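Comments concern the structure below.
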2 protein chains.
Amino acid sequence: MPRKAAKPRLKAAERREAILLAAKDIFLVEGYERTTMRRIAASLGITPTTLYLHFPDKAALMQAICDEAFAELGTAMTRATVEARTPLDAFRAVFDAYVAFGLAHPREYRLVFMTEPPPEASAHRPGIGRRHDPEDRGARAFAGFQALVRRLIETGVFHAGDATTMAEAAWAAVHGLVALLIGMPDYPPAERAALADTVARMVAEGLVKR
Amino acid sequence: MPRKAAKPRLKAAERREAILLAAKDIFLVEGYERTTMRRIAASLGITPTTLYLHFPDKAALMQAICDEAFAELGTAMTRATVEARTPLDAFRAVFDAYVAFGLAHPREYRLVFMTEPPPEASAHRPGIGRRHDPEDRGARAFAGFQALVRRLIETGVFHAGDATTMAEAAWAAVHGLVALLIGMPDYPPAERAALADTVARMVAEGLVKR
DNA sequence: GGCGTTCACTTAACGCTGTTAACTGAACGT
DNA sequence: ACGTTCAGTTAACAGCGTTAAGTGAACGCC
């Protein structure tokens, strides 16, 4: 007769981390909509109700995962910025870092940037709620990029214009590149670098003063 | 005592059109996930089961709506091409038509270009099934764009390079712009045009010969 | 040592979803 | 008059996110 399994009991912080780890695995493989709270719970050997002790709802659980990804991308971008010799080098380095992140973590990128956000923010419950609005991190990473563009305009490397709009335009292009490559997994790997380079040159050439 | 409403009875083609019309209204307002088959049926005064007499499942219903929309994109792009005076005008006109389409049909755009395809295509049922693979229309539209880029290279307007890669680069940029704007519904409408214009100029300037 | 409280977790359920099997009743062809 | 087709229904299934209420072990305190 099989022994009844001991009930798992973790401290709140540990359980929260365990849930995040398991949920990330399933979200990244299955996508947001096809991932069920019951499946996440089952993979941890707990009941779905327990998930709601640590996260207010499914959307908040995904938000927490998104937040981690945002942090990783942010550090990669700032490191690329500070290590570059010139602002134009930094521009290209940030571009490459962004693409590298997207191609190295395509499922994370899709989850963070290509998944439709849940319609309404969930109600705030004291003590449990989501950690940060991921838009904060995203906005901060983008702010650094924007400052870089502004410097390139002020030093006369880029043509005159609104730094915010120009930074958004560049970001749109690189995001489109990453989304395109992620959406086409059969795209020949040799041509991926060529396409990325073409986009990078196109963006830079399109912004430099002539 | 209220009279019992007469049962609605339409011919299959009429009912199919009526369903498409009602479903489109609800899908576009509520989004795909939040739209329920029961709600579509209720708005037509029929039962949800009837929907399955005309479409194999919810996804196929949305696909049919997307197919209509993307036919619209194809015609808009070809019209923009043929009506333009010069190839460079055509390039810009196609760009604008693409962006206008994406902003006018964000749900369809997201579903076709930003949704991860499920691992297995739904089973084909004789007589009912979805009409066309949307990738066919997409590939045809891109082929026209690619031919336009090739002409711009050959006439010396764009710098030398691989036409396919350069067309993909431009498409990545405009796709990123559309995806960005779709993902940020609160983006100030006045600035949307400015951002689209900046991206369009950036792409064109980045590809023209200097 | 006993006791109330806290904490991590469960059981059982609610209302909702997409979807299907089985049935109905009118219209049509022969 | 009768069998078939056609458009639509009723009732149900399995699964979803989520919640109210309960359970039992561990902890602080006297």
Side-chain angles (χ1 to χ4, degrees), chain A residues 4-20 22-23 26-27 30-64 115-130, chain B residues 4-20 22-23 26-27 30-64 111 118 120 122-130:
Chain A
K4 191 168 182 181
K7 289 181 182 176
R9 189 161 232 267
L10 270 60
K11 278 190 280 186
E14 299 171 33
R15 178 60 80 197
R16 187 194 154 93
E17 278 317 299
I19 291 173
L20 276 175
I26 302 178
F27 273 133
E30 303 289 337
Y32 178 75
E33 299 296 341
R34 287 204 296 274
T35 299
T36 71
M37 298 297 267
R38 284 170 168 84
R39 181 141 150 52
I40 296 169
S43 82
L44 288 163
I46 60 178
T47 59
T49 312
T50 301
L51 301 177
Y52 291 88
L53 300 176
H54 301 276
F55 298 91
D57 53 28
K58 184 185 177 184
L61 183 46
M62 182 185 117
Q63 286 282 0
T115 302
E116 189 165 17
E120 177 66 14
S122 65
H124 180 65
R125 280 204 225 161
I128 303 181
R130 53 196 63 170
Chain B
K4 191 169 182 180
K7 290 182 182 178
R9 190 162 232 267
L10 270 61
K11 277 191 278 185
E14 299 170 33
R15 180 59 82 195
R16 187 192 153 95
E17 278 317 299
I19 291 172
L20 276 175
I26 302 178
F27 272 133
E30 302 288 338
Y32 178 74
E33 299 296 341
R34 292 213 301 188
T35 299
T36 71
M37 298 297 267
R38 283 169 170 84
R39 181 140 152 53
I40 296 170
S43 83
L44 288 164
I46 59 179
T47 59
T49 313
T50 301
L51 301 177
Y52 291 88
L53 300 176
H54 301 275
F55 298 91
D57 53 28
K58 185 185 177 185
L61 182 46
M62 185 67 181
Q63 282 285 355
L111 188 77
E120 183 189 352
S122 71
H124 179 66
R125 279 205 226 164
I128 304 181
R130 52 198 63 171

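Since we're looking at a predicted model, the values are computed, not measured. Letters A, B, ... are given to chains in the order of the sequence lines, protein chains preceding strands, and every chain is numbered from 1.
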Spatial distance of atom NZ (B/Lys58) from atom OG1 (B/Thr36) [nearest 0.5 Å]: 7.5 Å
Rounded interatomic separation in angstrom, taking OH from A/Tyr52 and C1' from C/dT11: 16 Å
Rounded to whole Å, CG of A/Leu51 lies from P of C/dT10 at a distance of 10 Å
Given side chains that start at C-beta, do those of A/Phe55 and A/Met37 come closer than 4.5 Å, heavy atoms only? no
Whether the side chain of A/Arg9 and the base of C/dC7 hold a donor-acceptor pair under 3.5 Å is what I'd like checked. yes
A/Phe55 CZ to C/dA8 C1', in whole Å, measures 15 Å
Please state how far atom CG in A/Leu10 lies from atom P in C/dT10, giving the value in whole angstrom units. 11 Å
Nearest-Å distance, CE (A/Met37) to P (C/dC14)? 21 Å
Quick one: does A/Leu61's side chain get under 4.5 Å of A/Ile40's, heavy atoms only? yes
What I'd like to find out is whether the side chain of A/Arg15 reaches to under 4.5 Å of the side chain of A/Leu53, using heavy atoms alone. no
Any side-chain heavy-atom pair of B/Ile46 and B/Leu51 under 4.5 Å: yes
Please work out if A/Thr47 contacts a base, only the sugar-phosphate, or nothing of the nucleic acid, heavy-atom cut-off 4.0 Å. base
How long is the line joining NZ of A/Lys11 and C1' of D/dA26, in whole Å? 12 Å
Between C/dA8 atom P and A/Arg16 atom CZ, what is the distance in whole Å? 13 Å
Considering only heavy side-chain atoms of A/Ala12, the closest of C/dA8, D/dG8, D/dT18 is C/dA8
Atom NE2 of B/His54 and atom C1' of C/dT19 are separated, to the nearest Å, by 16 Å
side-chain N/O B/Thr50 vs D/dA7 OP1/OP2, d < 4.0 Å: no
hbond_proxy B/Arg38 side chain to C/dC16 base (donor-acceptor, 3.5 Å cutoff): no
Given the structure, check if the side chain of B/Thr49 and the base of C/dT20 hold any donor-acceptor pair shorter than 3.5 Å. yes
